[in-house]
Structure formats: structure tokens, C-alpha cells
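Everything below concerns the one structure shown next.
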Amino acid sequence: RRWKELAENNYYKSVDHRSLTWRTVDKRATSTRTLAAEIKDRAANNGSESDSAVIAKREKAKEEYGSFYEKTMGRYLPRKMDLTNLPKPVTSLFTPQYSMRFENNSWAQRDAYRILCFALERGSIPPADKERCHRVWKDFLSPFFEISTIWMQSPAVAYAASPHDTTASIVSNGDELNPHHDDDESSTEENDNFENMTVKEEVMKDCHKGDSEDVSKFTLVDNQPIPCGTTVSTVYGDASVIEYRDMDKSFVVSLPFGATAYLNRNAVLCTNLPVDQFQLDEPATTPEEETLDCSTDKIMLGPQSLYLFFRLHQVLIRRLNIAKDLAFKVDNDGSLCTLIEHMTADGSTPVGQKRYDAYLNLVYGLVEGGYNSPFQGGSANAAEGGKYEDRVRCLLGHGAYELATMDKLVSHILKHLQNLANDETMQGMMQIFRKQLDGAGCFRPLAFRQEASMISEGENVFAFQYCKIPDSDGAIMHLELLGCIADDDDSDKGSLTAEISESNEGPATKKLRK
């Protein structure tokens, strides 16, 4: 009998009871229906949860933690976040109806960006939508979350600076494809066959040689020339091309801070399409208009798809914080000494960082589909042929049960990001955001709302304010459902009579237009 071996192999898995129900709980909690119903309920109760919502929340908590949870912790479920020591939102737009925190933004936002970009490139999204999604990141999400554009372009800089492979290629004469070829022949016979093969050397032409090289033969990925006056993305930020120097094969560009630079062709990453400025027939600002308390705070208005993206993006940030916190604490837990994989410090890299990096590699393999493949090849071998969930438990212990559904979470975030990239209303909101960001240096909420009402076209609009928490590496985001602001531009609060889309698939449906 093998009962003893089976019991030893599955003991720790049986102890992790939360992983058995977590997939069902998480699927329901991150669905479009649940998130839309939650903000609608808070909007109807002045930012607090209704009694029915609190009761339902307790019942769901009992499913996850057990029936004793209601007796011990059920009465402590908060109906609204305490904002006593946190930045407050502007009162002209926000109650607020919902607030959520982002912890450890200095590294969590970057890791989340890497995961989402990797999933975007490896996914089955059409190339045109990939370009639109990257533009949403560059024009809106990057300045909103304060992610450096130079850091985002650093992989492209490293690729452009890396030397290209110029090794010779071997072209076979086809003798090795002979069906009568004996696999057991000696190494001498193999060397003889190799001498009969045709070897052709194909070396890439050196782009630095030759004085008669035409400028049109150069340049970026599509080998297209760059005319003067074009806005390009460089390793030093955006710039405008002044001229191309054929003598030393370099560009003369004008940088935003007034300097003129001479850049090698590898330093020019791509051309940029400038964001169109949104123009109004009459000014939307007044001298006595309210502004934000802190100059680093940011305001944004957008459709339901933006609300769903921010909610799920915050879940991704929170789970990355959970993973890193467990990675640094799990080695000190004596009860897990026989369960977790033991690692040793490598030079200046601590064991916790190595464990967290190993988890990120698992996420990349999961997103790429290696663990769901019927074949145990590719990235599945990176996890020693095991399942993702078992491997995470081996790395981070039982407390990592929330990380079991990272693939579903990333898939939902990309779906809403794709909806944002193809939403015309969102494109207009991005233009208003860039206008206020590049304008006076501070956001004007009422002016933002007045301009947004002209392009919302009867759609439900959500307001977002992102505030950095002083003396910490965190931030808080306040959310508000304004409703349909196109029908009532003069009121402080839009109509909430329009029904919120509760469909789980596709972009948020647009309402009847005027």
C-alpha cells in the first residue's frame, strides 16, 4: 500500500483549506457585475455600504474563514475607509464613495507594469490594439502613476545598444535527411558527412561602413527615414528632429528643456504621434475655481472600463505586496521548514529577494500559458514540471493562496485596458488630462468636468483622484460615480438614474445619446 507516501506528499496541500474555495470567491469578487454593483450601492448610500451589502459581505467571509468569523470579526467589518490621517479628495467632485490604497509604489507599480506588458505582447491581441494599449500607458497611465518614461523605454534602449549576431550560417545539402541514415554510426562517419556539406557564410552588412550609404536605408524597425520636425522618443525623453548628419550618421534633436543633442541612431527608439489638444469654444476655467491641495495630486474622469481597470490594478498591486512580504517572512516560520524550498543568499542579494524573483518568473510562465499547456515543455519545465499552484505553495507557503488566480486577474485587466484603448470617449478624456497636466501645472476639477461633459455623450462617468501619502511610499485613490454629466452641466453631481452595465464580457455599453 502507498497510503503513507500519498499522505506525506499531500499533507501540506490538505492543510491549505483556503485554496479549495479561493478560486470561486475570487472569480465572484473580481467580476464586472460585483464591482459595478458595489459602486452603485455606495453611490446610493452616500459612500457607505448598505445593510444588505454588509450582510452579504459577512456571508462571503464565512465561506472563506469559517462560521466562527461572524462571531469573532463580523462586527468589525468597516463600511467606509477611515481617512483621518490620509489625503482628502476635493469636495467639489468627491464624497468619496470608495477609496483604495496602493502600497510600495516604488517597486510594485514597476513589477505590475512588467507583468501586464509581458502579457500584452505574448497574448492574442491584434497588433493594432497592442499599439493603442501602449499609447494609453505612455500618454496617461505613466504620468498618472508617476512611472518614468525613460525607465519604461530602457528595455528598448538595451536592445538597440546590444550587438547583432553576425555568425556564419550553415546550409545543409540535405544528406542528413536521408531516411536510411543510421543513427548509430560512429563519430568518424559523422565528420565525413559534415565535410561534404555546403557551407555558406552570410554576414550582415555593417551599417557603419561605406560612405555612399543612403539615409533612406537607415533607421528604425521599418527602415523608414525620419523627416525633420518629427517628434521622436529617445533615451533622454521625447525630442524633435532638427536634421540628420550623414557624415557621422547621427541625429541632431531638440530636447524639451531647450538643449540640442547629437544622438547616435541607436539612441532614437521610435517616432511619436503627439496628443491632440482638446479645444473649447469658450474658456472652462474661472479665476476663483477650486484647485487641488497638493500639486502632485491628479484628477481623471473616465468611463466604466477605467473604473474596472483601476479596481483590478489595485488588486494586482496588493497581491504583489503579499508575495514580497511572504518571500521575506517565510524563512523565519519554523512550521514551514519542511514545506518551503530552501534558498541561500547570493552575494548582496537577500534570500527574500531571490524568492520573490522566483515567484515573478512563475507568473511570467503562467501568463505565457506554459502551465496550462498539455505538454510539459517550455516554461513548464522551469517549475520542475509541477503545477503553478503547488510551486507557489512551495515557494511562499500557505499564505500565498490569493496568488493562485494571477492569470485570471491579468487577463481581466488586459480586457479592460483593451476596452480603454478602443473607447473614443476615453481618448477625449486623455486629451483633457494631458492638457491640464502640461498646462498650469495643477488640475482644476470643475474645468475638467465641464470639458468632459461635452464628450461623455450620455455615458456614465467616474471621477478619480490619485494622492500620494506624505512620508511614505504609498498612495490613495478616491473614486466617485458621477453618473451622466452630459445632461446636467450646471449641477455638482450628475444624474445616477442611468443603469450601470453589468455584463461580464466586452466593453461597457454606451447610453442613449442626446
Side-chain angles (χ1 to χ4, degrees), residues 30-33 35-36 39-40 93 113 116-117 119-120 123-145 273-280 298-314 316 410-437 448-466 477 479-487 494-496 498-514:
T30 58
S31 65
T32 301
R33 181 187 300 273
L35 296 177
I39 193 65
K40 181 180 179 181
L93 286 181
Y113 171 77
L116 294 177
C117 284
L120 181 64
S124 58
I125 300 178
D129 285 356
K130 291 182 180 180
E131 293 293 334
R132 296 188 187 100
C133 291
H134 282 298
R135 189 174 183 185
V136 172
W137 271 107
K138 181 178 179 297
D139 294 341
F140 166 56
L141 295 176
S142 171
F144 190 82
F145 289 121
L273 294 176
V275 179
D276 299 331
Q277 296 294 330
F278 185 75
Q279 300 294 338
L280 291 174
K298 298 175 180 62
I299 287 285
M300 183 60 182
L301 273 67
Q304 178 178 321
S305 54
L306 182 60
Y307 160 75
L308 297 173
F309 174 84
F310 279 146
R311 287 292 305 270
L312 296 179
H313 185 265
Q314 189 269 342
L316 177 60
V410 171
S411 177
H412 291 163
I413 294 176
L414 289 183
K415 180 186 71 174
H416 297 307
L417 179 61
Q418 188 177 3
N419 294 340
L420 289 176
N422 292 282
D423 194 327
E424 296 181 0
T425 302
M426 181 61 191
Q427 299 303 316
M429 299 291 186
M430 288 171 52
Q431 294 177 15
I432 303 174
F433 174 82
R434 296 292 304 191
K435 174 185 176 182
Q436 294 212 359
L437 180 66
F448 202 129
R449 184 183 175 207
Q450 182 178 349
E451 296 181 21
S453 65
M454 300 181 181
I455 60 175
S456 60
E457 299 176 343
E459 185 179 359
N460 278 309
V461 175
F462 293 77
F464 311 90
Q465 182 172 343
Y466 185 76
M477 180 182 291
L479 295 83
E480 188 87 4
L481 172 59
L482 301 179
C484 181
I485 61 176
D487 297 335
S495 173
L496 297 178
E499 184 179 0
I500 300 178
S501 171
E502 295 182 351
S503 174
N504 284 322
E505 297 182 10
T509 58
K510 303 227 174 182
K511 308 302 165 195
L512 295 177
R513 301 184 179 180
K514 296 173 60 177

**Study point:** Contacts of type ring pair (Phe, Tyr, Trp, His ring centres under 6.0 Å), residue Phe140, not counting sequence neighbours
**Key:** Phe144, Phe433

Check your understanding: Which residues pass the ring pair (Phe, Tyr, Trp, His ring centres under 6.0 Å) test with His313, sequence neighbours left out?
Key -> Phe145, Phe309

Spacing of [X] atom [atom1] and [Y] atom [atom2] [to the nearest 0.5 Å]:
X: Leu35; Y: Gln304; atom1: CG; atom2: CD; answer: 9.0 Å
X: Glu451; Y: Met429; atom1: CD; atom2: CE; answer: 10.5 Å
X: Leu479; Y: Gln314; atom1: CG; atom2: CD; answer: 9.5 Å
X: Arg135; Y: Ser142; atom1: CZ; atom2: OG; answer: 14.0 Å
X: Asn460; Y: Thr425; atom1: CG; atom2: OG1; answer: 11.5 Å
X: Arg132; Y: Asp423; atom1: CZ; atom2: CG; answer: 12.0 Å

I want to check something: taking the side chain as every heavy atom from C-beta on, are [X] and [Y] in contact at a cut-off of under 4.5 Å?
X: Leu417; Y: Leu141; answer: yes
X: Leu120; Y: Leu414; answer: yes
X: Leu316; Y: Leu116; answer: yes

Might you point out which heavy atoms bring [X] and [Y] nearest each other, and give the distance in Å?
X: Ser305; Y: His416; answer: O-CB, 4.0 Å
X: Leu301; Y: Ala452; answer: CD2-CB, 3.9 Å
X: Ser453; Y: Ser456; answer: O-OG, 3.4 Å
X: Leu437; Y: Pro143; answer: CD2-CB, 3.7 Å
X: Glu480; Y: Leu93; answer: CG-O, 3.3 Å
X: Met300; Y: Met430; answer: CE-N, 4.0 Å

Practice item. Under the side chain to side chain contact (heavy atoms under 4.5 Å, CB included) rule, collect the residues that match up with Pro127, sequence neighbours excluded. Key: none

Check your understanding: Residues in side chain to side chain donor-acceptor pair (under 3.5 Å) with Tyr466, at least two apart?
Key -> Asn105

Point to revise | Residues forming a side chain to side chain donor-acceptor pair (under 3.5 Å) with Gln427, sequence neighbours excluded | key: none

Review point. Going by atom types alone, do Asp129 and Gln418 pair a side-chain donor with an acceptor below 3.5 Å?
Key: yes

Review point. With under 30° as parallel and over 60° as perpendicular, where do the rings of Tyr307 and Phe462 fit, or are they tilted in between?
Key: parallel

Review point. Taking the side chain from Arg434 and the backbone from Asp139, do they hold a donor-acceptor pair closer than 3.5 Å?
Key: yes

